[in-house]
Amino acid sequence: MCGITGWVSYDRDLRTEGATLDAMTETMACRGPDARDTWTEGPAALGHRRLAIIDLPGGRQPMSADTPGGTVVLVYSGEAYNFTELRRELTGRGHHFGTDSDTEVVLRGYLEWGDALAERLNGMYAFAVWDGRNDTLVMIRDRMGIKPLYYYPTSDGVLFGSEPKAILANPLAPARVRLGGLRELFTMVKTPGHAVWDGMHEVEPGTVVTVDRNGPRRRVYWQLETRPHTDDRAASVAKVRSLLDDIVRRQLVADVPRCTLLSGGLDSSAMTALAARQLAVQGEKVRSFAVDFVGQTEHFVADELRRTPDAPFVHDVAQACGTDHQDIVLDVEALADLDVRAAVIRARDLPTGFGDMDTSLLLLFRAIRERSTVALSGESADEVFGGYLQFFDEEARAAETFPWLVPSALRLGRDEEILRPEVTEVLNLDSYIADGYRTAVSAVARLDGESDFEYRMRRICHLHLTRFVRILLDRKDRTSMAVGLEVRVPYCDHRLVEYVYNTPWSLKSFDGREKSLLREATRDLLPRSVYDRVKSPYPSTQDPRYAVALQEQAKALLARPGHPVFDLVDRERVREATERVTPQITQNSRRGLERTLDLALWLDLYTPEVSLT
């Protein structure tokens, strides 16, 4: 796991631009605290920061190979879980290896197959290859978009980086956000390829972007496809279990301490139990970590999203699986700390967060990083197996929009509630969302004979797997890598995603509950309490002192009348929220304060040029 960046300029010799390349590379220091290096030759300059996971002494980058036609250089972020098999195949084809790293397998794989290597990889990855044989840059991103990769075309080439901050460190890329970027910023639709920053693009999941003197061109090597499902219930459950066993086995491979993120829900509990069973064969115990808040269990109040606190279920799993478990218990002061909020924004480069659920995630990862370098997460199981409320909510099912935006589904409110009316009018977010929805569902093919209901549920599943999950994967990657922690997501293995996506909804919910296939496939591993537990999202603090802290911070912001945040945010709405008695602050009002504070910090940290044109 690492941070990569680079610059291709066909009209200049970049050996004179070492200071700029160094600046771009150093923005990735948090992603790669173990080593750094750069490589420059003529029109190409590559930078790398390394988090060492496999072959600690041998996987240094940029990694190069000399060929008769020119030098081929790789900067790589991520993990190829099938690198052992690929190495064996490449050795049989005459390749010789000087390290045990998966990085060298990827480099040799590119020499053998070119960008068709992408189809052969199983893993999470984002990498760039400078091919000196034909002076092209090849950028490849994993199928589900687990690892981020951005690029910025210039007049004579391209800039790229694992995160926007690497690109923005180059004077050729101004920190500017225009109307289209603001629309993306204030919606939860995750338009493929959109990067919010003006002129910048995201390498889309499952895509190869090749840059030469004629500019960039794209090739899609993987997308979610509709296929008939012929397995019955028993065969489907058995297939899911077989895939999960193989996936977890592959993703436990590391030369550094590993752990699991355990919430006490079905997803993380199943994953932890699978890992515990496999490591027990090797005489090892699983380390597990959970986040909690001071007083949360004792004073928990059930609501429509969270009916139970996590801690009792976490401890049931830890005891049943014999994990080496630790609760990371956070207090209000830490959750409300503006320095922590600023660290989240620096990690993500945008104020696109989830309030205290972002700050607690960063604090959790900081604590874990003191003890482990790799963590397995249950992220994405809800999207794969159908776990969210909106999968079962009739209004969300019937709505001609992204189902997570339907008020009855998540009840998160909308950003228009905090924006100035004139800003809301210019943004016209309803039209932006509607256009995005139509584009998204047009990509969903229908099986011959598929019922209207099954096709509607297929579309809902497709939207979650190609849009919503990318929001959460980006959040998980950027927040974890901000502290140098590699988080792996077993439920995003493309084999599992493809298989479960094509099971009909009647199989996904055969017992009338969410995630029926996953529950049944792992029932022998789970405590009964977890098997019976109703879906509960990532926790959020219920301590009223957190809302008080938000109000005080917002009052301090209101005392800065010239702050540019009030060019976007309605000052009076913020003032009203700060004057409410704490028990009367609704979840929407609390979110509005969090969003306002995030926007203000982002404007302070990045001083972007923001335009409504």
Side-chain angles (χ1 to χ4, degrees), residues 53-54 79 81-85 122-124 233-290 310-327 368 371-382 384-385 387 485-497 499-500 511 514-533 535:
I53 301 295
I54 294 174
E79 304 292 344
Y81 301 126
N82 63 335
F83 78 97
T84 301
E85 296 97 314
N122 174 296
M124 56 178 191
R233 180 194 299 182
S236 298
V237 169
K239 179 67 172 180
V240 168
R241 177 58 178 270
S242 174
L243 284 168
L244 287 173
D245 283 335
D246 181 67
I247 292 164
V248 171
R249 175 182 60 81
R250 291 177 182 276
Q251 297 199 19
L252 283 172
V253 174
D255 295 333
V256 292
R258 303 149 297 181
C259 68
T260 67
L261 307 178
L262 179 59
S263 71
L266 174 62
D267 317 336
S268 65
S269 299
M271 176 201 63
T272 297
L274 286 163
R277 175 170 290 191
Q278 293 188 15
L279 289 182
V281 176
Q282 306 171 29
E284 296 183 47
K285 293 178 68 173
V286 171
R287 292 182 179 183
S288 61
F289 294 90
D310 286 347
F313 301 92
V314 166
H315 297 157
D316 285 352
V317 175
Q319 182 176 5
C321 297
T323 73
D324 179 5
H325 181 74
Q326 182 172 353
D327 291 326
I368 292 174
R371 303 162 179 84
S372 290
T373 309
V374 171
L376 271 64
S377 167
E379 193 78 85
S380 308
D382 286 307
V384 174
F385 290 97
L485 177 70
E486 174 177 305
V487 174
R488 298 176 178 178
V489 279
Y491 293 113
C492 274
D493 185 290
H494 71 278
R495 298 169 299 162
L496 180 69
V497 171
Y499 184 80
V500 178
D511 58 1
E514 77 280 0
K515 296 179 284 194
S516 304
L517 285 172
L518 176 60
R519 181 178 290 102
E520 189 66 18
T522 57
R523 68 178 303 169
D524 62 309
L525 303 172
L526 299 171
R528 187 71 198 190
S529 60
V530 173
Y531 181 86
D532 290 334
R533 189 185 185 193
K535 161 70 182 173

>> Is it true that, when you exclude Glu85 itself, more than 12 heavy atoms of the residues, nucleotides or ligands shown sit nearer than 6.0 Å to its CD?
In response: yes

Does [X] reach the side chain of [Y], with side-chain heavy atoms less than 4.5 Å apart?
X: Arg241; Y: Leu525; value: yes
X: Arg523; Y: Arg528; value: yes
X: Arg258; Y: Ile53; value: no
X: Asp493; Y: Leu243; value: no
X: Asp246; Y: Arg495; value: yes
X: Leu252; Y: Glu284; value: no
X: Glu520; Y: Arg233; value: no
X: Lys239; Y: Val500; value: no

>> Assess the residue pair Leu244 and Leu518 against the criterion (side-chain contact (heavy atoms from CB on, under 4.5 Å)); give the C-alpha distance rounded to whole Å, side-chain angles, the decisive distance to 0.1 Å, and a yes or no.
In response: CA-CA 9 Å; Leu244 287 173; Leu518 176 60; 3.7 Å; yes

Once rounded to the nearest 0.5 Å, what's the spacing between atom [atom1] of [X] and atom [atom2] of [Y]?
X: Leu496; Y: Ile247; atom1: CG; atom2: CD1; result: 4.5 Å
X: Thr522; Y: Tyr531; atom1: OG1; atom2: OH; result: 8.5 Å
X: Arg250; Y: Glu79; atom1: CZ; atom2: CD; result: 13.5 Å
X: Asp267; Y: Thr272; atom1: CG; atom2: OG1; result: 10.5 Å
X: Phe289; Y: Ser268; atom1: CZ; atom2: OG; result: 14.0 Å
X: Lys515; Y: Asp382; atom1: NZ; atom2: CG; result: 4.0 Å

Looking only at heavy atoms, which two atoms of [X] and [Y] are closest? And how far apart?
X: Ser288; Y: Thr323; value: OG-OG1, 2.8 Å
X: Ile368; Y: Cys259; value: CG2-SG, 3.7 Å
X: Tyr499; Y: Ala235; value: OH-O, 4.0 Å
X: Arg488; Y: Val374; value: NE-CG1, 3.6 Å
X: Met271; Y: Leu261; value: CE-O, 3.8 Å
X: Arg287; Y: Ser372; value: NH1-OG, 3.4 Å

Look at the side chain of [X] and the backbone N and O of [Y], then say whether any donor-acceptor pair between them is shorter than 3.5 Å.
X: Asn122; Y: Asn82; result: no
X: Arg533; Y: Phe313; result: no
X: Gln251; Y: Leu376; result: no

> Are Arg519 and Asp511 close enough, and set up right, to give a side-chain contact (heavy atoms from CB on, under 4.5 Å), and what steps lead you there?
Replying inline: CA-CA 10 Å; Arg519 181 178 290 102; Asp511 58 1; 4.1 Å; yes

> Hey, mind stepping through His315 and His325 against side-chain contact (heavy atoms from CB on, under 4.5 Å) and telling me if it holds?
Replying inline: CA-CA 8 Å; His315 297 157; His325 181 74; 4.2 Å; yes

> Taking only residues two or more places apart in sequence or in another chain, which ones pass side chain to side chain donor-acceptor pair (under 3.5 Å) with Gln278?
Replying inline: none

>> Run Val240 and Phe385 through side-chain contact (heavy atoms from CB on, under 4.5 Å) and show every step you take.
In response: CA-CA 10 Å; Val240 168; Phe385 290 97; 4.0 Å; yes

